[in-house]
Amino acid sequence: MLLNKESSGIRWRTRPDGQGKVSGKLQYLTDMSAEGMLVGRVLRSHQAHARILSIHTEKALNIPGVHAVITHEDVPGHNGFGIALPHQPVFCSERVRYTGDAIAAVAADTDEIAEYALSLIDVVYEPLQLLDDPEEAMKKDAILLHAEGNVLHHTEYRKGQPQIAFEECTHVVEETYWTPRQMHTYMETEGGLFIPESNGRLTVYSATQHGLMDRKQLSRILAIPEEEIRVISSPIGGSFGGKDELNVQPYGALLALRTRRPVHLHNSRAESIRAGLKRHPMKITMKTGCDQAGKIIAHQVRIISDTGAYATLGAEVLNFATEHVMGPYLIEHVDVEGFAVYTNNGVSGEFRGFGGNQAIFALEGQIDRLAELLTIEPWEMRRRNLRQYGDLGPLGQEIAQTDGAMQVWEALAASPLMAGVAPQEGGSDVNITTAEPWIVTGTGAAIAMHGAGLGYGIPDPAGGRLLLALDGKIEAVFGYEEFGQGLIATMEQMLIEQYGFAAEDLRIVIGDTDVVPDSGSSTASRATSMMWMALRRLHPDFTTRLLEAAAAALTDSVMDDLRIGPGGIWKKDGGLLLSYTELARSISAPIVSETKFNYPTTTYERVGAHFLYTYSAIAVKVAVNLLTGRVRVTDQYHAVAAGPVANPQGYLGQIEGGSSMAIGFTLSEDAIMSGGSYVTKNLDTYLVPTIADMNGSIQVQPIEDLPEHDTYGPRGIGEVGSVNLAPAVASAVFQAVRKRVNRLPIDPEWLQATPFIPQKAVNSHAQ
């Protein structure tokens, strides 16, 4: 079965939130308003690295229409935030470390007054030495950005004897790869509405991927119990990891509590760029060797990750990259070392792919280079080294066993895109069209093994609740957030297929800390798997309770003769007997079932090591314009082994969406910094792919088979569509123009310099 826009015979359903989104009627959190609402704004540092000598707010506070001006002195609790390491100042008091650092915040009647007030806050700085290069920051004589040093995190993984093994290799490839500082570029920038309630509680309407974690962090900052804070976190206009960390919430909350009035705070695009998270730029140096048969023998890797001024999840991203630089390949001798380094650049953090994008780009580039030296097809090179069913994971850990790696390899090998351009062993000709001889085309492929969940040693709770409410609705209550990924639609589809309910029977409740259980974070490609597992666990108890109540209400029926169905309780061999509304009228309290469990983890005791993996292979065709150097992806074919498809539209949407983000990562997106400041200040100089860049064919082949003993159900696919497109494009570009890509995004000027020869190239080895 293929999934694409023209697929037929597939259970397409309208998304529950679809009509509101396409009509523009859906109210996002930043669209909200309240009577008496003030406007909040944040003053951020003009220096990338400096001591703060003084802060004067008197002039700003005296402006008519200004209701509050707050600084570090007004933070009643812990003046810091961060999911893993809460050391990023809410407000800086003594030192700033990047130009997104917050100094003060104001609440005013209008945005114009707030902006004027910010301009009157006088901050006196003493500039300090700037560290904008992570390798410079690692030197012994570098100024310390944090007391514990400039290296946030150091990783190592070693096995075998790589140095000795390299001497036995027939071919050795050494290369350094650079990846960009990519922006999440969500349509809805960070913001929200903060309301101090009459009962003393605080209601926070602000986007996050984990409302309960936001509540915990705000509790520390505000020095009030978590129970006095309510976080409503859906719907969200995009996140991709960028709103997983606190952003505007501390400032809106503090201003609302200070003024005792609702405060609306919404970042402009420029503010979002300046203060928001980005994908970690990485420098990855690899040395990889193989024998004459193409068996990879030795692999040495050094990763340097620019985490920026503060930690957020920089350590966890580096752990993930360290695990994934070995990928789906069995390698006997391995030496991996990684460093996440503080600099005075913008803060890097969680982003779709979570370090896998960078690692897989480099790893797959090595495979292509070795295949060229061996004069074998790159896809065959991969087959000779793939992990098989029963093999341990990349870190030597126990994993959930599937045939996913070989399944996606075989599916892609048989795909029309690969079959139509597969080069013969020893090389083939570059394809130059006759109508436009300056356009050359090429095809490339890549494979990935991508871990889901947070990994060993990191709290990863899951769970949910089902209930028959007294109004007759079946409520599914989960602590997840909807930020465009289609979670609500997927949950609805699961309830229909697993339980037999109709869509009209359901009410899905998410994103409200007052009512939801702790289902964990909506991140790390984990939510679909956890919903599926939770609903399976809830099924026996909840259905039994419904049928017992129905049998009691239907005095002439016994439970064994009844079944759950659309609209209500049905006779097993007959029609509808009792609607859910009628059943609800017969009970005095809601019928409730709840489950709590943890995301499956490996027994291998290494923090971050994964247990569940999704496998993906992708082939792309590109067209390179030799006159302009521009690359266009014209066709894509994705083979994805992720277990059963829970929601076809969502599945296709995630792969298409992930690939469009990866096209930006590969071809155009880089939030350039110079001297600790963003050169890229807005979207006028930051090129994200548009519909015009995505008008080629995209075919998705889901591989739904899982071993009979597998109890984990659908694997996550929210990230895997984005992680291996870059190396596939790099391989296709090489086939087209005979140039190896080692830096992203691909520089058009670099390709433009290719000599233009409007005839068939001779004896070019395609990859």
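Position 1 is the first residue of the sequence; numbering continues from there.
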Review point. With Glu115, which residues qualify under side-chain hydrogen bond (donor to acceptor under 3.5 Å, both in side chains), at least two apart?
Key: Arg41
Review point. Got a sec, which pairs hit side-chain hydrogen bond (donor to acceptor under 3.5 Å, both in side chains) with one end in residues 78-88, sequence neighbours left out?
Key: none
Practice item. Taking Ser519 for its side chain and Gly464 for its backbone only, find out whether a donor-acceptor pair lies under 3.5 Å. Key: no
Exercise for review: State which residues pass side-chain hydrogen bond (donor to acceptor under 3.5 Å, both in side chains) with Ser305; sequence neighbours excluded, sorted by chain then number.
Suggested key: none
Exercise for review: Check the side chains of His184 and Arg279 for a donor-acceptor pair under 3.5 angstrom, ignoring hydrogens and angles.
Suggested key: no
**Study point:** Lys596, NZ: over 12 other non-hydrogen atoms inside 6.0 angstrom
**Key:** no
Check your understanding: Is the shortest side-chain N to carboxylate O distance from Arg352 to Glu719 below 4.0 Å?
Key -> no
Exercise for review: Name all pairs fulfilling the ring-ring contact (aromatic ring centres under 6.0 Å, His included) condition that reach into residues 234-279, sequence neighbours left out, sorted by first residue then second.
Suggested key: Phe91-Tyr251
Point to revise | Ser593 side, atom OG; His539 side, atom NE2 - distance, nearest 0.5 Å | key: 11.0 Å
Review point. With sequence neighbours left out, which residue pairs that include part of residues 526-536 fulfil the side-chain hydrogen bond (donor to acceptor under 3.5 Å, both in side chains) condition?
Key: Asp460-Arg526
Point to revise | Asn647 versus Thr490, closest heavy-atom pair with distance | key: ND2-OG1, 3.3 Å
Exercise for review: Carefully, step by step, assess Phe611 and Tyr712 under the rule ring pair (Phe, Tyr, Trp, His ring centres under 6.0 Å).
Suggested key: CA-CA 11 Å; Phe611 181 68; Tyr712 306 111; 5.4 Å; yes
Practice item. State whether the side chain of Gln249 and the backbone N or O of Asn247 hold a donor-acceptor pair below 3.5 Å, judged by distance alone. Key: yes
Check your understanding: Closest heavy-atom contact between Leu487 and Ile510?
Key -> CD2-CD1, 4.1 Å
Point to revise | Any side-chain donor near an acceptor of the partner, His280 and Thr307, under 3.5 Å | key: yes
Study note, to complete from the structure: What one should report as the nearest heavy-atom pair of Arg44 and Ile103 is C-CG1, 4.3 Å
Practice item. Identify the two heavy atoms, one from Ala114 and one from Val106, that lie closest to each other, and give their separation to 0.1 Å. Key: O-CG2, 3.6 Å
Check your understanding: Do Phe501 and Tyr580 have ring centres separated by under 6.0 Å?
Key -> yes
Practice item. Indicate whether the side chain of Thr343 and that of Asp306 have a donor and an acceptor atom separated by less than 3.5 Å. Key: yes
Point to revise | Test log, rule side-chain hydrogen bond (donor to acceptor under 3.5 Å, both in side chains), inputs Ser272 and Glu190 | key: CA-CA 7 Å; Ser272 178; Glu190 305 91 344; 2.9 Å; yes
Study note, to complete from the structure: Taken in chain and number order and not counting sequence neighbours, the residues that satisfy ring-ring contact (aromatic ring centres under 6.0 Å, His included) with His450 are Phe320, His324
Check your understanding: Out of Leu506, Leu467, Ile591, Ile508, which residue meets the side chain to side chain contact (heavy atoms under 4.5 Å, CB included) rule with Ile474?
Key -> Leu506
Check your understanding: Are Tyr310 and His146 near enough that their ring centres are under 6.0 Å apart?
Key -> yes
Practice item. For Gln19, look at atom CD and say whether over 12 heavy atoms of other residues, nucleotides or ligands are found less than 6.0 Å away. Key: no
